[in-house]
Amino acid sequence: MNGMVLIIDDEKKICSLLSRIIELEGFKTLQANTGKEGLKLLKSNDVSIVISDVKLPDVNGVALVKDIKAIKPYVEIINLTAYGTIADGVLAIKNGAFDYLVKGDDNDKIIPLLYKAMDKSNLQRRVSDLENKIAKKHSFETIIGQSKALKEAIDLAKKVSTTDTTVLLLGETGTGKEVFAQSIHYESPRAAKPFVALNCSGFSPDLLESELFGYKAGAFTGANKDKKGLLEEANGGTLLLDEIGEMNLDLQAKLLRVLESQTFIKVGDTHTQQVNVRILAATNKDLKADANSGKFRSDLYYRLSVFTITLPPLRDRKADIPALAKHYLKEFADKVNRSAPKMDDKILSILSDHSWKGNIRELKNVIERLVILSDGSTLSATALPPEFFEFAPIENNYNLQQIEKQHIQKVLIHTKGNKTETSRLLGIGLTTLYRKIEEYQIREA
């Protein structure tokens, strides 16, 4: 079956003839004689294409295109008319019609056109499904935790998400500021437009300006052609400026202009460009203190902090740790194609008592290592990094050096000797890893 086609025409003979021709190609058809009847069938059936006459008893078929698209945007519409005009044809396409045909000229065109329209409709459906999956993935419902501090932050974020207000997200590194920013975007009216994130600490001042605003060809050595900045890439959507506290004062002044007028000038250009972008900002710094001391522009701070949300550190939401740990346990077990090991009360207790200076990001890394290092169906406390035992009583005569040695050996085996990846998983520097390998005389084979 090639899909379903809805035919709307007040001439029943034409409806029946078109239906027979189209069904011979393997399509399923529905018939309606008025626009109202057609819209009713559209709502209750899985229609991919509508073939509609322009002259209908209750509505103009060209105007009907808008109503169809409003109900099901992925449906493609072909308008048919006995007396075609250029004006009607232009308006039909402008309203979203796939094509506009004059009756009598359509005999050889209609079937090839149907296949093209079906291909486009199917593509639109796939894009729509993907967008819905992304939106669902980043909804507030996917944020794990029931602690009071987290719920308060989510409630604030939900309220502001429906507006265009600038939001300043505050919190320590690893508390989930970008996750909140994505949820705000995908539950806003801008959800169908781009979400773009820029880490301001990852670039030198000059490069950051080029990334943000883009540049004209010839603006500097190596600028061989015009480049769009992230402001343009995010046009219509949302731009997250992460680590906003690292932005230099000169660039802050230019950002202030964007916030106040939605205009900017590319590097090397003299012309002002207009954008429609919602700005979200995030930082782990005390931005108010920096503004008071002159390290950050106070006018920009007050413009950014119209609505502020502070995300709690993991140590202030310890009740959420078991749920987070189990979520990441399943995620990483799925990645390596194995059943998720069980987490006993002892490990959960150790995880809950940990200080979590790196917050959720640190917890995620620890769970990833536990999955890699666990051999059986239950996680072992000995697979935890040594720092988890530094300030705790050593039970069962644990030898911390031996634990650390075994820990490094297992990760090296998992990464097939890739020291860069091993150091990342262990959360230590590459130089430290080499020193430990030598100190413990670890065999890498």
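Heavy-atom basis, side chains included; hydrogens, waters and symmetry copies ignored. Remember, it's a predicted structure, so these values are computed and weren't measured experimentally.
- The shortest side-chain heavy-atom distance between Leu241 and Leu212 falls under the 4.5 Å cut-off.
- Side-chain contact of Tyr440 with Gln409: a donor-acceptor pair under 3.5 Å is absent, judged by distance alone.
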All N/O donor-acceptor pairs, side-chain side in residues 284-291, below 3.5 Å, sequence neighbours left out:
residue	atom	partner	partner atom	Å
Asn284	ND2	Thr173	OG1	2.8
Lys285	NZ	Glu246	OE2	3.3
Asp286	OD1	Lys288	N	3.4
Asp286	OD1	Ala289	N	3.1

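- Annotation: side chain of Met118 is not in contact with side chain of Met4 (no heavy-atom distance under 4.5 Å).
- Surrounding NZ of Lys318 are more than 12 heavy atoms belonging to other residues, nucleotides or ligands, all under 6.0 Å away.
- With a 4.5 Å cut-off on side-chain heavy atoms, Lys177 and Thr175 count as touching.
- Atom-to-atom distance recorded for Leu169:CG and Leu304:CG is 11.0 Å, nearest 0.5 angstrom.
- With sequence neighbours left out, Thr308 forms a side chain to side chain contact (heavy atoms under 4.5 Å, CB included) with Leu168, Leu170, Ser305, Thr310.
- Around atom NZ of Lys36, no more than 12 heavy atoms belonging to other residues, nucleotides or ligands sit under 6.0 Å away.
- In this structure, Ile367 CD1 and Leu379 CG are separated by 7.0 Å, a value rounded to the nearest 0.5 Å.
- In this structure, the side chain of Arg338 engages the main chain of Val371 through a donor-acceptor pair within 3.5 Å.
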Check your understanding: Do Lys158 and Glu141 pass the salt bridge (Lys or Arg N to Asp or Glu O under 4.0 Å) test, and can you show the C-alpha distance, the side-chain angles, and the key distance before you say yes or no?
Key -> CA-CA 11 Å; Lys158 280 182 176 178; Glu141 281 63 41; 3.6 Å; yes
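- Distance alone, capped at 3.5 Å, is enough to place a donor-acceptor pair between the Ser121 side chain and the Tyr74 backbone.
- Across all their heavy atoms, Ile408 and Lys436 have their closest contact at CD1-CB, 3.7 Å.
- Nearest heavy-atom pair, Leu230 versus Ala197, reported as atom, atom and distance to 0.1 Å: CD1-O, 4.5 Å.
- When all heavy atoms of Cys200 and Met247 are compared, the pair lying nearest together is SG-CE, 3.9 Å.
- Under the 3.5 Å distance criterion, the side-chain polar atoms of Lys72 are matched with a main-chain donor or acceptor of Leu42.
- Asn359 places a side-chain N or O within donor-acceptor distance of the main-chain N or O of Leu314, the cut-off being under 3.5 Å.
- Between Asp299 and Arg297 there is a salt bridge, since a side-chain N of the basic residue sits under 4.0 Å from a carboxylate O of the acidic one.
- Other residues, nucleotides and ligands place more than 12 heavy atoms under 6.0 Å from the CD atom of Glu260.
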Check your understanding: Is there a side chain to side chain contact (heavy atoms under 4.5 Å, CB included) between Arg257 and Thr272 once you walk through the steps?
Key -> CA-CA 11 Å; Arg257 177 181 181 176; Thr272 299; 3.3 Å; yes
Practice item. Show the numbers, then the answer: is there a side chain to side chain contact (heavy atoms under 4.5 Å, CB included) between Ile372 and Lys410? Key: CA-CA 8 Å; Ile372 291 167; Lys410 285 185 177 182; 5.9 Å; no
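- Side chain of Trp356 to main chain of Leu351: a donor-acceptor pair is present (N/O by atom type, distance under 3.5 Å, no hydrogens or angles).
- Listed for the Lys364 side chain is no donor-acceptor partner under 3.5 Å among the backbone atoms of Tyr328.
- Ring pair Phe220/Tyr215 is perpendicular by interplanar angle, where above 60° counts as perpendicular and below 30° as parallel.
- Residue Ala234 comes nearest to Val196 through the heavy atom pair CB-CG2, 3.8 Å, listed as atom of the first residue, atom of the second, then distance.
- Counting only distance, with no hydrogens or angles, the side chain of Arg303 and the backbone of Leu259 share a donor-acceptor pair below 3.5 Å.
- Across all their heavy atoms, Ala219 and Ala223 have their closest contact at N-CB, 3.9 Å.
- In terms of the side chain to side chain contact (heavy atoms under 4.5 Å, CB included) criterion, residue partners of Ala157 (sequence neighbours excluded) are, by chain and number, Phe140, Phe180, Ile184, Ile309.
- Considering all non-hydrogen atoms of both residues, Ser352 and Ile321 come closest at CA-CD1, 3.9 Å.
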Exercise for review: Using the side chain to side chain contact (heavy atoms under 4.5 Å, CB included) rule, take Ile49 and Leu6 through it: C-alpha gap first, then chi angles, then the decisive distance, then the call.
Suggested key: CA-CA 6 Å; Ile49 299 172; Leu6 170 62; over 6 Å; no
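- In this structure, CD1 in Ile360 is found 8.5 Å from CD1 in Ile144, a value given to the nearest 0.5 Å.
- Annotation: side chain of Gln182 is not in contact with side chain of Leu240 (no heavy-atom distance under 4.5 Å).
- When atom types are taken as modelled, the side chain of Ser210 and the backbone of Asp206 share a donor-acceptor pair closer than 3.5 angstrom.
- Taking CG of Leu329 as the start and CE of Met343 as the end, the distance is 4.5 Å to the nearest 0.5 Å.
- Within the 4.5 Å cutoff, no side-chain heavy atoms of His185 are placed close to those of Arg278.
- A salt bridge links Glu421 to Arg424: one of the charged nitrogens lies within less than 4.0 Å of a carboxylate oxygen.
- Using a 4.5 Å cut-off on side-chain heavy atoms (C-beta onward), Lys330 and Asp334 make contact.
- Atom CG of Asn79 sits about 13.0 Å away from atom CZ of Phe98, to the nearest 0.5 Å.
- Contact annotation: the side chain of Phe213 never approaches that of Ile265 to less than 4.5 Å [non-hydrogen atoms, C-beta and beyond].
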Exercise for review: Would you check, one step at a time, whether the test side chain to side chain contact (heavy atoms under 4.5 Å, CB included) holds for Ile68 with Leu39?
Suggested key: CA-CA 7 Å; Ile68 293 169; Leu39 291 177; 3.9 Å; yes
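- With hydrogens and angles disregarded, no donor-acceptor distance shorter than 3.5 Å links the side chain of Asn45 to the backbone of Val47.
- The main-chain N or O of Gly236 is never found under 3.5 Å from a side-chain atom of Asn276 such that the two would form a donor-acceptor pair.
- In this view, Arg315 and Glu172 satisfy the side chain to side chain donor-acceptor pair (under 3.5 Å) rule, not counting sequence neighbours.
- The structure places CG of Asp155 at 8.0 Å from CD of Glu152, a figure rounded to the nearest 0.5 Å.
- Counting heavy atoms from C-beta outward, Lys69 and Asn95 have side chains that stay 4.5 Å or more apart.
- Residues satisfying the side chain to side chain contact (heavy atoms under 4.5 Å, CB included) test with Lys193, not counting sequence neighbours, are none.
- Partners of Val411 by side chain to side chain contact (heavy atoms under 4.5 Å, CB included), not counting sequence neighbours, listed by chain and number: Leu373, Thr415, Thr422, Leu425, Leu426.
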